[in-house]
Amino acid sequence: MVTLAQRLEALRTQRGLSRPALSAALGFPKTAMEKFETGRQTPTQDQQRKLADYFGVPLPYLRGESDDPSDGDNWLNGGTVLNEDPAPAPRPEPRKVRPAAVQEDGAVFGALLKSPSFQALMRDAALEALRSPEGQELLAKAVRRELGRR
């Protein structure tokens, strides 16, 4: 299992940043990244959020609780959003709001939602429901309502 320190070092080196440069970009003390990467100090919750936002990864991935760096926002339609070396920003982006079940303490639930077998099961269940007479009726009502708005 990957540690937070190892994950931080890997993300920083992928971006080609020095420890002091990353610390400065995030507004941390100059030696903060060295302490984090060597395991002498653990980042606070707030610092972990800033780091995750800066690198564009979910907190469980940053902490080494998950090996999936994808955001998973559009998993239902079969796609994933991968973080492919975005350009370094001078300041961290505002934090994206994720459903409470997938934040911090929901690492297990978040992993379940990202599981390909669970996604396939949910997709099949939704399609089966839409193919039923009740589902067809709901779809017809929705189409009529939409057409009535135009």
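Owing to the predicted nature of the structure, the values given are computational and were not obtained by experimental measurement.
Annotation: side-chain contact (heavy atoms from CB on, under 4.5 Å) contacts of Glu146 (sequence neighbours excluded): Arg149, Arg150. The side-chain hydrogen bond (donor to acceptor under 3.5 Å, both in side chains) test applied to Gln48 returns Arg63, not counting sequence neighbours. For Ala5, the side-chain contact (heavy atoms from CB on, under 4.5 Å) partners are Thr3, not counting sequence neighbours.
Pairs engaging residues 127-138 under the salt bridge (Lys or Arg N to Asp or Glu O under 4.0 Å) rule: Glu137-Lys141 [sequence neighbours left out]. Among residue pairs with one or both ends in residues 22-31, none qualify as salt bridge (Lys or Arg N to Asp or Glu O under 4.0 Å); sequence neighbours excluded.
One finds the CZ atom of Arg49 at 6.5 Å from the CG atom of Asp46 (value rounded to the nearest 0.5 Å). Interatomic distance, OG of Ser117 versus CE of Met122, reported as 11.0 Å (0.5 Å rounding).
Each of Asp53, Leu11, Val2 was evaluated against Leu62; a single residue qualifies, Leu11, per the side chain to side chain contact (heavy atoms under 4.5 Å, CB included) test.
Ser23 places a side-chain N or O within donor-acceptor distance of the main-chain N or O of Met33, the cut-off being under 3.5 Å. The backbone N or O of Gly16 sits nowhere less than 3.5 Å from a side-chain atom of Thr13 that would complete a donor-acceptor pair. Side-chain atoms of Gln136 come within 3.5 Å of backbone N or O of Leu130 as a donor-acceptor pair.
Cation-pi geometry between Arg15 and Phe55 is not satisfied (NZ or CZ under 6.0 Å from the ring centre, within 45° of the ring normal).
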Inset, instruction - Take Leu22 and Tyr54, measure what side chain to side chain contact (heavy atoms under 4.5 Å, CB included) needs, and give me the verdict at the end. - result: CA-CA 10 Å; Leu22 180 56; Tyr54 183 82; 3.5 Å; yes

Legend entry - Verdict with supporting geometry, Asp68 and Tyr61, side chain to side chain contact (heavy atoms under 4.5 Å, CB included): CA-CA 6 Å; Asp68 185 5; Tyr61 178 79; 5.6 Å; no

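Taking each heavy atom of Pro58 and Ala52 in turn, the nearest pair found is C-CB, 4.5 Å. Here the closest heavy-atom approach between residue Thr38 and residue Lys35 is recorded as OG1-O, 3.3 Å.
Put simply, the side chain of Arg144 does not reach to within 4.5 Å of the side chain of Leu147, judged on heavy atoms. In this structure, the side chains of Leu51 and Pro43 come closer than 4.5 Å at one or more pairs of heavy atoms. At least one side-chain heavy atom of Lys50 sits less than 4.5 Å from a side-chain heavy atom of Phe28. Considering only heavy atoms from C-beta on, Phe36 stays 4.5 Å or farther from Arg19 through its side chain. Contact check for Gln6 versus Glu37: no side-chain heavy atoms found under the 4.5 Å cut-off.
Chaining together hydrophobic side chains whose heavy atoms lie under 4.5 Å apart leaves Leu138 on its own.
Classification of Asp67 and Lys114 as a salt-bridged pair fails, no side-chain N sitting under 4.0 Å from a carboxylate O.
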